[in-house]
Amino acid sequence: MRSAKARRQSPTCSGRRSPGGWGEVRAVVWLQLSSIPFLVLTAYTHQFWLAGAGYLFRQALMNAANPFYNTIKMKYVHRSLRGLAASSGEAMFNLGWFIAAPISTGLVAKYGPYQGYAWAFSVTAVIYTLIAVMFWYLFSKDRFKPAEEAEA
């Protein structure tokens, strides 16, 4: 059995090391959840510099989770289907923007610029929190077998 230090220093499937020796799932969940307060800050602040800083920190944290998320996604997909999995993931991401744009526009039109954006960002924070919890629930246990192990 490898020591804790050896496990922390071993790279993941993507060649990247998980932060602090965490697994990819834990890294994704904590990076995404840690971005939520910055989203809420952006929604409710009246100061431009604070909203800008909140936006930048939120983007950095959410984007930092992407390599880990992609590693997890590719780990459970057969090699012949990885291109389809990658493009489907991007399509779902863009579908979210497609659906959310008219909803947030309606909220801003109905409640005004401050309250409308506050509602839109608050709903987004709730949805992101639910997705992170679902992601943790589905992928934190050994529910699925990696594609390479399933072939053997």
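In this structure, the separation between CG on L138 and CD1 on I131 is 11.5 Å, given to the nearest 0.5 Å. Expressed to the nearest 0.5 Å, how far CG of L50 lies from CG of L41 amounts to 4.5 Å. In this structure, CD on E24 lies 11.5 Å from CG on N70, to the nearest 0.5 angstrom. Here the straight-line distance linking atom CG of L61 with atom CG of L39 works out to 11.5 Å at 0.5 Å rounding. Rounding to the nearest 0.5 angstrom, the gap separating the CZ atom in F48 from the OH atom in Y55 is 11.0 Å. With rounding to the nearest 0.5 Å, the separation of CE in M62 from OH in Y69 is 10.5 Å.
A pairwise comparison of heavy atoms in T42 and A51 identifies OG1-O, 3.7 Å as the closest pair. Between F38 and G54, the shortest heavy-atom contact is CB-O, 3.3 Å. When all heavy atoms are compared, the tightest approach of A64 to P67 is O-CD, 3.4 Å.
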Would you be so kind as to tabulate the donor-acceptor pairs closer than 3.5 Å made by side chains of residues 102-117, with sequence neighbours excluded?
unit_1: S104; atom_1: OG; unit_2: A100; atom_2: O; d: 3.1
unit_1: S104; atom_1: OG; unit_2: A101; atom_2: O; d: 3.1
unit_1: T105; atom_1: OG1; unit_2: A101; atom_2: O; d: 2.7
unit_1: Y114; atom_1: OH; unit_2: Y44; atom_2: O; d: 3.0

Contacts table for residues 80-91: side-chain donor-acceptor under 3.5 angstrom, sequence neighbours left out:
unit_1: S80; atom_1: OG; unit_2: H78; atom_2: ND1; d: 2.9
unit_1: R82; atom_1: NE; unit_2: M74; atom_2: O; d: 3.1
unit_1: R82; atom_1: NE; unit_2: V77; atom_2: O; d: 3.0
unit_1: R82; atom_1: NH2; unit_2: M74; atom_2: O; d: 3.2
unit_1: R82; atom_1: NH2; unit_2: V77; atom_2: O; d: 3.4
unit_1: R82; atom_1: NH2; unit_2: E148; atom_2: OE1; d: 3.4
unit_1: R82; atom_1: NH2; unit_2: E148; atom_2: OE2; d: 2.9
unit_1: S87; atom_1: OG; unit_2: G83; atom_2: O; d: 3.1
unit_1: S87; atom_1: OG; unit_2: L84; atom_2: O; d: 3.1
unit_1: S88; atom_1: OG; unit_2: L84; atom_2: O; d: 2.7

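More than 12 heavy-atom neighbours from other residues, nucleotides or ligands sit within 6.0 angstrom of CZ on F135.
Residue F139 forms a side chain to side chain contact (heavy atoms under 4.5 Å, CB included) with just one option from V29, V25, V28, and that option is V25.
Hydrophobic clustering places M92 together with I99 (ILVMFWY residues linked when any side-chain heavy atoms are closer than 4.5 Å, directly or through intermediates).
Within the structure, side-chain hydrogen bond (donor to acceptor under 3.5 Å, both in side chains) pairs that include any residue of residues 128-138 comprise R58-Y128 (at least two apart or interchain).
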